[in-house]
Amino acid sequence: MKRRQLVQTMGAGAALGTLGLLGGCATPMTGAGPRVVVIGGGYGGATAAKYLRMWSEGKVQVTLVEPNAAFVSCPISNLVLGGSKTMADITTPYDNLIKRHGVKVVRDMAASIDADKRIVKLASGAELPYDRLILSPGVDFMWETLPGMASQAAKDKVLHAWKAGPQTAALRRQLEAMPNGGVYAMSIPLAPYRCPPGPYERVCQIANYFKQAKPRSKVVLFDANDDVTSKGPLFKKAWADRYAGIIEYRPKHRVTDVDAATNTLKFEFENDFKADVLNVVPSMRAGDIAANAGLATANKRWCEVDFLTFESKAAKNIHVLGDAIQIAPAMPKSGHMANQHGKTCAAAVLALLTGQEPLQQPLYANTCYSFVSDKEVVHVASVHRYDPAQKTMVTVAGSGGVSGAASELEGAYAMGWATNIWADMLG
Ligand SMILES: Cc1cc2nc3c(=O)[nH]c(=O)nc-3n(C[C@H](O)[C@H](O)[C@H](O)COP(=O)(O)OP(=O)(O)OC[C@H]3O[C@@H](n4cnc5c(N)ncnc54)[C@H](O)[C@@H]3O)c2cc1C
């Protein structure tokens with residue numbers, strides 16, 4: 001009903017040819033509708049771009065800035081490392097956004113934002129003016145916390161593979177090249193980081209590969225956190241039942257530096273550790289473009305937003321989504337969440353562009369599936385509702401939960417989740 005009212009208003013505005021004069025648009029628009037620029041074609045940005053076009057019935061001009069030729073999904077990318085999926089399985093082109101939905105996709109990097117003039121400057125030198133800007137740049141790494149990783153040579157050798165793409169394929173090649181009897185070590189930072197269960201899923205996938213292809217090999221997971229941060233009992237059961245003697249879990253191990261030349265991890269207190277294949281996931285913060293625009297106001301890491309609209313608390317007319325935001329308690333940094341942010345933000349931006357009140361009680365669901373083998377899966381689910389008194393999202397009492405045990409049935413659900421969410425954002 002709300003959406004219909006919005007669309008009706010948009011229709012009326014377009015008939016007048018002066019949609020930009022309605023509501024919150026300061027700049028009068030001649031002929032064409034208001035301009036929304038979206039930075040980042042991942043889970044948050046692609047969703048927001050598509051839904052803005054759909055819900056405005058094509059009346060809002062949407063330009064999506066994204067450097068990659070196609071979308072490559074982090075969810076399911078651990079299965080590429082395990083060898084049961086390929087890069088092609090996790091790659092979706094942007095064609096439907098362009099052809100079906102009329103999103104203008106610009107293959108470039110956003111270099112800077114002039115919030116006063118409402119202009120995005122691109123790496124190519126071009127400028128994109130906007131009425132509203134949506135940023136979903138994901139995360140960037142705090143390389144300054146690992147001095148030995150400063151050089152490009154170190155970054156090319158010791159991979160994170162925490163942004164799906166060339167590093168995913170390169171880490172798989174390193175695992176394939178590792179001799180039987182070799183050691184793969186992964187380190188993970190203190191929470192919050194992108195995808196709480198992701199590292200624990202990754203070691204299952206790599207151990208599953210070793211079990212079949214190089215059974216004398218070992219996996220060691222160094223976790224800066226006190227314990228497994230998500231689905232702990234389920235992962236620990238999988239490690240004990242399926243990967244005993246292969247996976248070793250070492251909590252409370254905070255990496256302070258890396259010697260990339262010798263593949264060695266250095267810790268706050270413990271002895272150095274040398275591996276054949278080293279996979280270091282550094283601490284992270286909001287993507288550079290958001291941080292450089294002064295939007296990362298929470299601990300200089302994450303962008304604080306109004307959860308009703310996703311408008312930045314630091315800059316007007318700029319909305320931030322996905323992993324880049326300062327999350328509400330118990331809200332994971334996940335693709336599923338970023339997708340829900342994208343829709344809530346698209347509806348709110350349409351409301352603001354037409355002088356309407358954004359929806360006052362947004363509700364999001366989240367399910368994170370994790371593969372403990374190539375077929376069997378466990379999940380954690382939660383539901384989050386806006387609380388007007390606290391002005392933040394809170395988990396709905398009694399909602400969600402975790403799997404009782406890993407199963408192949410949940411494996412089918414997990415692949416269904418992935419194909420559905422890719423279709424929802426890019427189909
Ligand atoms: C191994 C792994 C497994 C995961 N598994 C799951 C899972 O099972 N379920 C789940 O829900 N989530 C999972 N996640 C988390 C999920 O991938 C992220 O939470 C999600 O991608 C966040 O969406 P986003 O839009 O914030 O960022 P992204 O999806 O990373 O999109 C950011 C986009 O912005 C672009 N960009 C960045 N800077 C600029 C710039 N300056 N100009 C233009 N474009 C720019 C990037 O190229 C990128 O395409 C997983 C993550 C990892 C690493």
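Order of listing sets the numbers, starting from 1, for every ligand and every atom in it.
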His253 and Arg250 have their tightest heavy-atom pair at ND1-O, 3.6 Å
Looking only at protein heavy atoms, which one is nearest to atom 18 (C) of ligand 1, and how far off is it? Asp323 OD2, 3.3 Å
Checking the N or O distance criterion of under 3.5 Å, is ligand 1 in contact with Gly44? yes
Pick from Ser73, Pro75, Ala70: the one approaching atom 6 (C) of ligand 1 most closely through a non-hydrogen atom: Pro75
Judged on heavy-atom distance to atom 30 (O) of ligand 1, which of Lys163, Arg194, His160 sits nearest? Arg194
Salt-bridged, Lys121 to Asp108, with N to O below 4.0 Å? no
Side-chain (Tyr193) to main-chain (Pro196) donor-acceptor, under 3.5 angstrom: yes
Top protein contact for atom 3 (C) of ligand 1, by heavy-atom distance: Cys74 O, 3.5 Å
To the nearest 0.5 Å, tell me how far Tyr386 OH sits from Thr344 OG1. 12.5 Å
Under a 4.0 angstrom heavy-atom cut-off, which atoms of ligand 1 come close to Gly138? 26 (O), 27 (O), 32 (C)
Take atom NZ in Lys155; do more than 12 heavy atoms of anything else shown fall under 6.0 Å from it? yes
Atoms in ligand 1 flagged as close to Tyr369, the criterion being non-hydrogen separation under 4.0 Å: 8 (O)
Ring geometry between Trp417 and Tyr43 (parallel below 30°, tilted from 30 to 60°, perpendicular above 60°): parallel
Atom 42 (N) of ligand 1: closest protein heavy atom, distance to 0.1 Å, is Ala110 N, 2.9 Å
Suppose I only count heavy atoms of Gly322 and a 4.0 Å limit; which atoms of ligand 1 are within that range? 26 (O)
Heavy atom to atom 23 (O) of ligand 1, shortest distance: which of Ser77, Ala414, Ala338 holds it? Ala338
For Lys333, the ligand 1 atoms whose distance to one of its heavy atoms is below 4.0 Å: 19 (O)
Mind checking whether Lys391 and Phe307 have side chains closer than 4.5 Å, heavy atoms only? no
Can you name the side chain to side chain donor-acceptor pair (under 3.5 Å) partners of Gln360, sequence neighbours left out? none
For atom 48 (C) of ligand 1, the protein heavy atom that lies nearest, with its residue and separation: Glu66 OE1, 3.4 Å
Between the candidates Val106, Val65, Leu321, Val38, which shows the shortest non-hydrogen contact distance to atom 43 (C) of ligand 1? Val65
Which ligand 1 atoms are under 4.0 Å away from a heavy-atom of Arg202? 1 (C)
Decide, yes or no, whether a salt bridge links Glu376 with Arg242 under the criterion of side-chain N to carboxylate O below 4.0 Å. yes
Given Lys333, Arg285, Arg194, the one that forms side chain to side chain donor-acceptor pair (under 3.5 Å) with Asp323: Arg194
Short list, please: which atoms of ligand 1 are under 4.0 Å from a heavy atom of Asn68? 47 (O)
Would you say the side chain of Pro332 lies within less than 4.5 Å of the side chain of Asn366, judging by non-hydrogen atoms? yes
What protein heavy atom sits nearest atom 21 (O) of ligand 1, and how far off is it? Tyr43 CD1, 3.4 Å
Which protein non-hydrogen atom lies closest to atom 38 (N) of ligand 1, naming both residue and atom, and how far is it? Pro137 CB, 3.8 Å
Nearest-neighbour protein heavy atom for atom 24 (P) of ligand 1, which is reported as residue plus atom name and distance: Ser136 OG, 3.7 Å
Give me the residue, atom name and distance of the protein heavy atom closest to atom 16 (C) of ligand 1. Gly335 N, 3.4 Å
Can a side-chain donor-acceptor contact be found between Asp424 and Asn339 if the only test is distance below 3.5 angstrom? yes
Ring geometry between Tyr184 and Phe210 (parallel below 30°, tilted from 30 to 60°, perpendicular above 60°): perpendicular
Pro67 to ligand 1, any heavy atom closer than 4.0 Å: yes
Run the contact test for Trp417 against ligand 1 with a 4.0 Å cut-off on heavy atoms, strictly below, and give the result. yes
For ligand 1, which atoms sit closer than 4.0 Å to a heavy atom of Asn78? 1 (C)
Mind telling me whether Trp143 and His160 have parallel, tilted or perpendicular rings, with 30° and 60° as the class edges? tilted
Please could you name the atoms of ligand 1 that Ile289 approaches to less than 4.0 Å, counting only its heavy atoms? 41 (N)
